[in-house]
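Bear in mind the structure is a predicted one, so any value in this text is a computation, not a measurement. The analysis underlying the following values was restricted to heavy atoms, covering all of them including side chains, and did not include hydrogens, waters or symmetry mates.
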Amino acid sequence: MGLRNEAAADVRIRPMASGDIQEVLTIASDAFLTPWTEGMFRKELQLSFSRNFVALSGPGPSDPVAGFVTFWVIADEVQLHNMAVRRDLRRRGIASRLFSAMIREGLDEGAETGTLEVRKANDPARKLYEKFGWRVTDRRPFYYSDTGEDALIMSAELKFCSEVPRHA
């Protein structure tokens with residue numbers, strides 16, 4: 001196994017807790033031009049349809065947060081809202097593990113489809129989503145107010161997503 005697979009194997013995914021928010025904010029601030037605020041993350045933890053997971057960079061309960069994902073499960077759809085991995089831990093399969101966890105959770109809750117919006121220029125994220133079988137289905141011109149950049153809408157039928165271990 002290469003470093004990428006070994007790093008992902010050591011990752012543990014669990015629900016985000018309020019005590020994780022400071023680490024999540026640090027990751028988000030480094031990853032996004034306009035990161036979510038503490039209040040936004042706290043609100044997500046309170047919404048009944050919001051799901052929030054963190055990836056820990058080891059098997060222990062005090063291991064640091066390596067990444068996070070925030071998504072909604074509404075009716076038969078999963079909607080990805082926010083996902084990022086710590087800069088020093090990128091390209092090690094952690095985002096794939098978080099994305100897989102989102103898809104599995106959606107399937108477990110009866111979701112059939114998934115949607116997300118991604119910056120047109122965010123090639124690494126687009127390639128990750130495409131690896132799972134997600135495809136660009138539409139575009140929102142000038143969607144991002146901080147840059148005026150277009151958003152690409154990507155979607156998939158969850159049962160056909162590749163790379164998702166069904167036994168986990």
Side-chain angles (χ1 to χ4, degrees), residues 8 11-57 64-75 77-109 111 113-132 134-140 142-156 158 161 163-164:
V11 170
R12 186 167 53 93
I13 308 289
R14 67 159 170 75
M16 185 188 297
S18 61
D20 299 320
I21 290 180
Q22 289 309 311
E23 286 181 277
V24 166
L25 285 170
T26 299
I27 294 167
S29 293
D30 184 50
F32 301 113
L33 286 173
T34 308
W36 281 14
T37 65
E38 180 176 350
M40 293 168 85
F41 281 108
R42 290 199 183 282
K43 182 177 180 181
E44 290 298 316
L45 291 178
Q46 296 173 353
L47 295 172
S48 64
F49 48 84
S50 182
R51 305 293 176 267
N52 306 275
F53 295 147
V54 292
L56 301 181
S57 59
V65 173
F68 67 90
V69 62
T70 296
F71 58 99
W72 291 356
V73 180
I74 299 179
E77 184 177 327
V78 168
Q79 299 171 1
L80 175 65
H81 288 273
N82 208 332
M83 183 170 72
V85 172
R86 252 180 42 197
R87 185 177 299 275
D88 62 327
L89 295 174
R90 291 181 188 160
R91 303 207 40 84
R92 298 184 184 187
I94 296 168
S96 291
R97 291 282 304 274
L98 286 163
F99 201 66
S100 288
M102 178 192 79
I103 293 167
R104 278 194 312 275
E105 181 73 14
L107 287 167
D108 289 349
E109 293 191 34
T113 61
T115 61
L116 61 86
E117 291 153 341
V118 61
R119 288 178 187 265
K120 186 176 178 183
N122 191 345
D123 289 332
R126 285 177 43 201
K127 287 178 183 172
L128 170 71
Y129 308 143
E130 288 169 354
K131 179 179 88 167
F132 284 84
W134 292 53
R135 297 290 172 250
V136 174
T137 55
D138 208 346
R139 183 180 73 124
R140 294 190 199 282
F142 312 109
Y143 180 76
Y144 293 98
S145 60
D146 53 6
T147 62
E149 188 174 356
D150 292 355
L152 299 178
I153 300 170
M154 298 183 77
S155 61
L158 298 183
C161 289
E163 301 286 326
V164 181

Student: Would you name the heavy atoms of I27 and A84 that are closest together and state the gap between them?
Tutor: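 Scanning both residues, the minimum pair turns out to be CG2-CB, 3.8 Å.
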Student: Measure centre to centre between the rings of W134 and F99, then say whether the value is under 6.0 Å.
Tutor: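 When the ring centroids of W134 and F99 are compared, they turn out to be within the sub-6.0 Å range.
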Student: A side-chain contact here means heavy atoms from C-beta on lying under 4.5 Å apart; do L56 and V65 qualify?
Tutor: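 Contact flag for L56/V65 side chains = yes.
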Student: To the nearest 0.5 Å, tell me how far M102 CE sits from I13 CD1.
Tutor: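 M102 atom CE to I13 atom CD1 measures 12.0 Å (nearest 0.5 Å).
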Student: In this structure, which one of F41, F32, W72 forms a ring-ring contact (aromatic ring centres under 6.0 Å, His included) with H81?
Tutor: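 With H81 as partner, F41, F32, W72 yield a single ring-ring contact (aromatic ring centres under 6.0 Å, His included), made by W72.
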Student: Nearest heavy-atom pair of D150 and F142: which atoms, and what distance?
Tutor: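 Minimum heavy-atom separation between D150 and F142: OD1-N, 2.8 Å.
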Student: Work out which heavy atom in R42 is nearest to a heavy atom in S18; give both atom names and the distance.
Tutor: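 So the two residues come closest at NH1-CB, 3.4 Å.
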Student: Can you name the nearest heavy-atom pair linking V85 to A95, along with the distance?
Tutor: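 V85 and A95 have their closest heavy atoms at CG2-N, 3.8 Å.
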Student: Please check if any side-chain donor atom of R86 sits under 3.5 Å from a side-chain acceptor atom of S57, or the reverse.
Tutor: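 S57 and R86 do not have a side-chain donor-acceptor pair below 3.5 Å.
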Student: Calculate, to the nearest 0.5 Å, the distance between atoms CG and NZ belonging to N122 and K127 respectively.
Tutor: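 Output value for this atom pair is 10.5 Å.
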Student: Quick check against the 3.5 Å criterion: does R140 have a side-chain atom that pairs as donor or acceptor with the backbone of I153?
Tutor: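 Not confirmed, R140 side chain does not pair with I153 backbone.
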Student: Just wondering, are more than 12 heavy atoms of other shown residues or ligands nearer than 6.0 Å to OH in Y144?
Tutor: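 More than 12 heavy atoms, drawn from other residues, nucleotides or ligands, come within 6.0 Å of this atom.
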Student: Measure across F53 and P15 and return the closest heavy-atom pair with its distance rounded to 0.1 Å.
Tutor: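 Smallest interatomic distance, heavy atoms only, reads CD2-CA, 3.7 Å.
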Student: Out of the candidates I21, N82, N52, only one should pair with E44 under the side chain to side chain contact (heavy atoms under 4.5 Å, CB included) rule; please name it.
Tutor: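 Answer after filtering I21, N82, N52: N52.
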Student: Could you grab the distance from atom CZ of R91 to atom OG of S96, nearest 0.5 Å is fine?
Tutor: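 R91 atom CZ to S96 atom OG measures 10.0 Å (nearest 0.5 Å).
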Student: Is there a side-chain contact between E77 and I74 in this structure, where contact means two heavy atoms from C-beta onward sitting under 4.5 Å apart?
Tutor: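 Contact flag for E77/I74 side chains = no.
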Student: At their closest point, which heavy atom of G106 faces which heavy atom of V78, and how far apart are they?
Tutor: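 Between these two residues, the closest heavy atoms are CA-CG2, 3.5 Å.
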Student: Give a yes or no answer on whether the side chain of R51 reaches the backbone of E105 with a donor-acceptor pair at less than 3.5 Å.
Tutor: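 Absent.
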Student: Rounded to the nearest 0.5 Å, what separates atom OG in S48 from atom CD in Q46?
Tutor: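 Between S48 OG and Q46 CD, I get 11.0 Å after rounding to 0.5 Å.
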Student: Salt-bridged, R14 to D20, with N to O below 4.0 Å?
Tutor: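 Yes, this pair counts.
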Student: Using modelled atom types only, decide if a donor and an acceptor are shared between the side chain of R119 and the backbone of E149 within a distance under 3.5 Å.
Tutor: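 Checking the backbone N and O of E149 against the side chain of R119, no donor-acceptor pair under 3.5 Å is found.
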Student: OG1/T70 to CG/L45 distance, rounded to the nearest 0.5 angstrom?
Tutor: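 It is 7.5 Å, given to the nearest 0.5 Å.
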Student: Roughly how far, to the nearest 0.5 Å, is the CG atom of L47 from the NZ atom of K43?
Tutor: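 Rounded to the nearest 0.5 Å, the NZ-CG separation comes to 6.0 Å.
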Student: Would you say that R135 contacts M154 through its side chain, given a criterion of any heavy-atom pair below 4.5 Å between the two side chains?
Tutor: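 With C-beta onward as the side chain, the pair stays apart.
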